[in-house]
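Contents: one structure, followed by commentary.
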2 protein chains.
Amino acid sequence: MAGEQRCCRVTCTAPVNIAVVKYWGKRDSKLILPINSSLSVTLNQDQLKTTTTAAISRDFKEDRLWLNGEEADITHPRLQNCLREMRRLARKRRSESEGDMAPLNLTYKLHIASVNNFPTAAGLASSAAGYACLVYTLARLYGADGDLSEVARQGSGSACRSLSGGFVQWLMGERPDGKDSVAQQVMPETHWPQLRALILVVSAEKKPMGSTAGMQTSVDTSPLLKHRAEAVVPERMAQMVRFIQQRDFEGFGQLTMQDSNQFHATCLDTFPPIFYLTDVSRCIIALAHRFNAHHGATKVAYTFDAGPNAVIFTLEDTVDEFVEVVKRSFPPESNGDQFLQGLPVGPAVLSEELQSAVVLEPVPGAIRYILHTQPGPGPQLLHDPGLHLLGPDGLPRRSAAGEPR
Amino acid sequence: MAGEQRCCRVTCTAPVNIAVVKYWGKRDSKLILPINSSLSVTLNQDQLKTTTTAAISRDFKEDRLWLNGEEADITHPRLQNCLREMRRLARKRRSESEGDMAPLNLTYKLHIASVNNFPTAAGLASSAAGYACLVYTLARLYGADGDLSEVARQGSGSACRSLSGGFVQWLMGERPDGKDSVAQQVMPETHWPQLRALILVVSAEKKPMGSTAGMQTSVDTSPLLKHRAEAVVPERMAQMVRFIQQRDFEGFGQLTMQDSNQFHATCLDTFPPIFYLTDVSRCIIALAHRFNAHHGATKVAYTFDAGPNAVIFTLEDTVDEFVEVVKRSFPPESNGDQFLQGLPVGPAVLSEELQSAVVLEPVPGAIRYILHTQPGPGPQLLHDPGLHLLGPDGLPRRSAAGEPR
């Protein structure tokens, strides 16, 4: 098997996830153990995914990494943590089932290539998908099965939630060694087939503060964050699981918005304060509340991570109308044809009543594009060798999958 | 005395106050009892004041009110509360010292005129100065001395803090009847002669949500506000009193900024969320932090109330330099000559180092003007009859004091 080839390659994909109960703050920054549990929705890889190829060969002189086609620094501490932990896991697996494994030498050097099919600039927490994909791919390469969330977590906390499809909770755990800080699927992606996500990519001017630095400052300075983690989130986790199990969009949507707002509140309570929401984010929030008020029910729910982009959760039957409302409220400037991406969106006629109650002062060009997607499965192994990002020589192929940078 | 004149008139002025430990949320919305204590700085009336004339006469047919020259609705419930409570206080005083009071009939009708010497649109909590002035003026008219904060509080909560000069705390109290929810001077206005305030009036587009409605929604929906009131503010009150007593600007400034941020954090944790800070407010916040970082010390401290305008506390020796920084960061568009108002500001030369570290991307026109002021005394009785806003006939004079609207 592997030992007979010049280079053994494995290629996998992994999804992006969007938290509806937010993770913000570590109690152990080395092991990446959070101060509270969190819960997310895994998005479909048809629209958003990371693809990673890992190759191993006795001919490789050193570990190497390519991100979106360009060679990158593989000595990054968190990356090294993942490589070391995956090799350890593989060694453990090997020793437990001695003899019947292929002689894939764990001391051989690795070549790794990874691409996103979405611009990094979209601010879609690409590190979660990236580390989930890395860890999953190495696990398939080394034949190291079992719970990978403990390893992925050490690359990027929220990466552990990208290891499963559908609705996933990351239990904070209690042990100092983090063995019980793992991700679990709450419900599979097939559980709520009507659920949709619209990603509103905002025309941002500046890159906001990174989440690693931000959350550390919050832990150090925000009295409200401590209270949130200890007293608010435990109850919200239980509520959110129940809303999802019951497919209760009213409850799910309200709590999703409240938890997004509370996360940003703790950022503002940080000193110096951290702002991820801009005036455009605030316009989107106000629009969503007006839309829901018009309908007398929670039809759309926003959530914002460490950047100005909104993710709107809604149900299938509301997509067309809400997208039309967004288009009227943030008229596309030049890219009319590329404004809508992802799953198809049908036409919608807005009633005059809705139009006058919901579409107030339009802000042209404030939203770059809308990506329409839905919940999806966890990481996938690709069987088509034509999809490897690295050639038989272990170097990036000319036409690697994914968008150009 | 009073009874011999056709109309007895009294005119007083009262100051604006700016909270450095914020009041947000009532535990009793009828009596206006707060969920936490608060602390403010009374600003000097040379720059910002309300002037009120109250007149009483047996010839008046009904109670009447003029605000900034226009007749206004005197049946407003909070205004009626203040009138009723002041009449009650006067009656009580009268019965306690029977005989030696002037026969000013408490059943006579009142005429009241009030003007601000600053535009209401400046968003400077004019209701606090307004109710403080009303209550103080009626007290002088009726000869009802004693603690007026309990009455002023029932007009507008923070009005009770405008009844004293300098540094004033409003103790939340514990009694259901609110008798112990009163304002007290912590230190007089002469205590910290170097302290200055710069009000940065932002070019706002919309009137933000009123504070009465806003704080009620916060009390009803924000888990973080409850925690702030119970667990955070008590300690902050004690700290703030200490910083003021010791004239410790480093401590005073840091805590002022933190408490402003936490107030706005609880607004964001409100559902639907309330936003008072805009992108311009965020620019001012970032500017202040860069300025302090450049100096390696807290030289300026921002605070924001229920609107986008900033109040910057600083010391006398920093005013010229910081004002120059603000002018470079928010270049005035048309009103160059009216951009600076209030106390004089001297010229300042910015070092290239400061300029490059602090003045980043300028936003022309984002700040309408800067008002330079300082702590000042409490309400004042005016002795010059030429300053009455109402004529001997009890009707507004042609040229009343204060700016035109």
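Note: hydrogens, waters and symmetry copies are ignored here, and every other heavy atom, side chains too, is used. Note that the structure is predicted; figures quoted are calculated from it, not measured. Below, chain A is the first sequence line, B the second, and so on; all start at residue 1.
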Could you tabulate the donor-acceptor pairs under 3.5 Å formed by side-chain atoms of residues 274-286 of chain A, not counting sequence neighbours?
residue   : atom : partner   : partner atom : Å
Tyr276(A) : OH   : Met209(A) : O            : 3.0
Thr278(A) : OG1  : Val280(A) : N            : 3.2
Thr278(A) : OG1  : Ser281(A) : N            : 3.4
Thr278(A) : OG1  : Ser281(A) : OG           : 3.3
Asp279(A) : OD1  : Arg282(A) : NH1          : 2.7
Asp279(A) : OD1  : Asp279(B) : N            : 3.0
Asp279(A) : OD2  : Asp279(B) : N            : 3.4
Ser281(A) : OG   : Thr278(A) : N            : 3.0
Ser281(A) : OG   : Pro308(A) : O            : 3.2
Arg282(A) : NH1  : Leu277(B) : O            : 3.1

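For the atom pair CG of Asp269(B) and CD of Gln262(A), the computed distance is 4.5 Å after rounding to the nearest 0.5 Å. Annotation: the span from Ser222(A) atom OG to Asn261(B) atom CG amounts to 10.0 Å, rounded to 0.5 Å.
Heavy-atom neighbours of chain A within the stretch residues 288-301 of chain B, taken at a separation under 4.5 angstrom, comprise His289(B).
Within the 4.5 Å cutoff, no side-chain heavy atoms of Gln258(A) are placed close to those of Pro223(B).
Judged as a ring-ring contact (aromatic ring centres under 6.0 Å, His included), and not counting sequence neighbours, Phe167(A) has no contacts.
Within the structure, the salt bridge (Lys or Arg N to Asp or Glu O under 4.0 Å) test picks out the following pairs touching residues 231-249 of chain B (sequence neighbours left out): Arg236(B)-Asp259(B).
For Lys26(A), the NZ atom counts as densely surrounded, since its 6.0 Å shell holds more than 12 non-hydrogen atoms of other residues, nucleotides or ligands.
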